[in-house]
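Report on the following structure.
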Amino acid sequence: MNHLKKRKIINLIAISVSIFTAFLGIFWLVFIIASVLIKGLSALNLSLFINDPAPPGIPGGGLRCAFVGQAIITVIAVVIGVPAGILGGTYLAEYGKDKRISSLISTLADMMMSFPSIVVGVFVYTIIVRPMGHFSGFAGSIALAIIMISIIVRTTEETLRLIPWEMREAAFALGAPYYLVIKDVVYRGALKGLFTGVLLSIARVSVETAPLLFTSFNNSFLTLNPNQPMSSLTVTIYQYAMGPYPSWHRLAWGASFVIVVFILIFNLLGRWVISRRYDL
Amino acid sequence: MRSAYKKKDLAFKNLSYTLALLVIFISLAMLVVLLVMSYPAIQKFGVINFIFSDAWNPVKKVFGGATAIYGTLITTLLALIFAIPTSLGIGIFLSQICPDKLKRAFSLAIELLASIPSIIYGMWGLFTLAPIMRNYIEPFLQRVFLPIPVVGLLFRGTPLGIDLLTSGLILSIMIIPFIASISRDTFDLVPKELIESAYGMGATKWEVIKDVILPYSKVGVISGIIIATGRALGETMAVAFVLGNDHTIHLSLLKSSTTISVALANEFTEADFRLYLASLFYLALILYVMSFTALGIAKFLLRRYSK
């Protein structure tokens, strides 16, 4: 009987530890989100969005250039990365589905997803920034597009594989060529999945900092020209938080607030799309 | 008509094939670029010599990677030490203990933890966690551990909060969601019959977990840990804020240090002569090889596991 008691006590301890760790995870989440929201909310005002940075010491100022730069860099990355990723993933799932090379590409893309993004920055610096002779928003977009492609290739491949083969056969039977079958049947059926992959990849790259450090760099003036160094929210947070001025810290918290809210909304949106897909 | 379709289909196929090949091309091109750019440093310092030399002195034009490699490995190791027990606990909780009603909410919370940008982790670490470490936790650790011989060496120095320990802690919070969700998924894959029969024999919940679930899902959990290791090795922004950038090797965990990625982030745009830049590329090459190896092992294990 004593032995049984001992086992029960050990069981109780182990289960309690496990519950404790789960709450520890929640604790970190709440801790981080709460401190960003509390400190960020006090830095949030209209000036953050409509003014450009003021020189240190002068009150006011905002991060208009960073918001605009971030948007431009991300949009160009989407324009390059999404079609390339979807088409690449299409090859893996459709034309080359039994080929050896497809599983190699798939594995590589999977690995690239967790690859140190700073190495991507170093790479793009060498092949684009150095030959061009200056930092540019465009180079930043390419760095982000490289990260995006690997994510979208994988999500596209997985989604297209879920589409039943019979659906394609039905279209083949009507005499449709494969590319039209892909375009009108496969893509249409997989639309929500593809959308989720794109959403995920945007959420991921729009908060990347390391690859932008040596590519789009920074710029304290508003620019709409992607051929110039361009400010982004994340690099600005890095610079401002590391800087010595309290006013800079405030702006950095304001920007962090915007990013965290953006990420939470994006994630919940993605989840909502996924849940709708499975509820159908 | 038919041949027009054929042509278009071929064009579409070739286009998608080219873009799929882009993935191979990019990973190879990265390796080639890193090799070519770091060549002057490889030539000058060699491989073994560079890895084990702790001289990083741009003024004297001598470079060695040992300090950055040491910092990378120690912060990663600390992160794993903190993260593995916690995330296994979370995985067990989510798959075996948590009531179904709360499961979704808990999983969502853990996954949101994964989606918080690393720059936010870094900033939170610098302004929120570092002061707490400096004022409360590190002085406490010193009071406990300093009198103990050998272990005390790890806690020497003035607690500043900007150090290896804080960096390791932040990294661990970042990788917890990865290990936790992979272990939850593999725990869920354990056949129900196996678990039921163990319960049928009168095993307690913990015994079922320890003797049935953990051994059964060993490979999955290990590969999850390796993937997380890959993440921790290359993580830049979260660490850049709270590690300083100090190219010296300290035994103490309460000293600032540097990692490969932090050195890159801080010095890359400042490297003003060829050998300096080449040495940084050399570090990036080492990071590339380390993470590729880690991720490759994880992939290999997972593939064998799923067969």
So how far is it from A:Leu12 CG to B:Lys205 NZ, rounded to the nearest 0.5 Å?
12.0 Å
Pick from A:Val207, A:Leu29, A:Ile19: which one has the most heavy-atom pairs with chain B under 4.5 Å?
A:Leu29
Counting N and O atoms only, with roles assigned by atom type, does the side chain of A:Asn11 sit under 3.5 Å from a partner on the main chain of B:Trp206, one being a donor and the other an acceptor?
yes
If you tally heavy-atom pairs under 4.5 Å against chain A, which of B:Glu207, B:Glu235, B:Glu111 wins?
B:Glu207
Heavy-atom side-chain proximity of A:Tyr178 to B:Lys13 below 4.5 angstrom:
no
Determine the option with the most heavy-atom pairs under 4.5 angstrom with chain B, choosing from A:Ser114, A:Ser18, A:Gly88.
A:Ser18
Could you tell me the separation between the CD1 atom of A:Ile263 and the CD1 atom of B:Ile120, rounded to the nearest 0.5 Å?
9.0 Å
Only pairs of heavy atoms separated by less than 4.5 Å count here; which of B:Gly230, B:Ser261, B:Gly125 has the most with chain A?
B:Ser261
Turns out that what part of A:Met111 lies under 4.5 Å from chain B's heavy atoms comes down to both
State, with a plain yes or no, whether a side-chain heavy atom of A:Lys39 is found less than 4.5 Å away from one of B:Thr128.
yes
So which residue, A:Ser102, A:Gly175, A:Ala210, ends up with the most heavy-atom pairs under 4.5 Å with chain B?
A:Ala210
Chain A contacts, top residue of B:Ile97, B:Thr269, B:Leu280, B:Ile92 (heavy-atom pairs, under 4.5 Å)
B:Ile97
Scored by heavy-atom pairs under 4.5 Å with chain A, the best of B:Phe292, B:Tyr288, B:Phe127, B:Tyr121 is B:Phe127
What is the ring orientation for B:Phe241 with A:Tyr238, classed by angle as parallel under 30°, tilted 30 to 60°, or perpendicular over 60°?
perpendicular
Do the side chains of A:Ile86 and B:Leu19 get nearer than 4.5 Å, heavy atoms only?
no
Identify which of B:Leu10, B:Ile116, B:Leu21, B:Thr86 forms the greatest number of heavy-atom pairs closer than 4.5 Å to chain A.
B:Thr86
Heavy-atom pair count under 4.5 Å with chain A, highest-scoring of B:Ala265, B:Ser291, B:Ala284
B:Ala265
Side chains of A:Tyr91 and B:Asn14 only: does a donor on one sit below 3.5 Å from an acceptor on the other?
no
Assess the side chains of A:Arg204 and B:Ser115: does a donor N or O sit below 3.5 Å from an acceptor N or O?
no
Chain B heavy atoms under 4.5 Å from A:Ser35: which part of the residue, side chain, backbone, both or neither?
side chain
Is it the side chain or the backbone of A:Phe266 that comes within 4.5 Å of chain B heavy atoms, both, or neither?
neither
Answer whether the closest heavy-atom distance between the side chains of B:Thr236 and A:Glu208 falls below 4.5 Å.
no
Does the plane of the ring in B:Phe106 sit parallel, tilted or perpendicular to the ring in A:Phe23? Use 30° and 60° as the thresholds.
perpendicular
Can you tell me how far the CE atom of B:Met123 sits from the CD1 atom of A:Ile32, to the nearest 0.5 Å?
13.0 Å
Side-chain heavy-atom pair A:Leu87, B:Phe12 within 4.5 angstrom cut-off
yes
Between CD1 of B:Ile176 and OG1 of A:Thr21, what distance do you get to the nearest 0.5 Å?
8.5 Å
So which part of A:Leu200 gets closer than 4.5 Å to some heavy atom of chain B, the side chain, the backbone, both or neither?
neither
Taking C-beta and beyond as the side chain, do B:Ile26 and A:Leu108 meet within less than 4.5 Å on heavy atoms?
no
Quick check: do B:Tyr17 and A:Tyr95 have side-chain heavy atoms less than 4.5 Å from each other?
no
At what distance, to the nearest 0.5 angstrom, does CD1 of B:Ile227 lie from CE of A:Met113?
9.5 Å
What residue in A:Ile15, A:Leu24, A:Val119, A:Ile149 has the most heavy-atom pairs under 4.5 Å with chain B?
A:Ile15
In terms of heavy-atom pairs under 4.5 Å, which option from A:Leu104, A:Thr90, A:Thr107 contacts chain B the most?
A:Thr107
Output yes when a side-chain donor or acceptor of B:Asp9 lies under 3.5 Å from a complementary backbone atom of A:Tyr179, and no otherwise.
yes
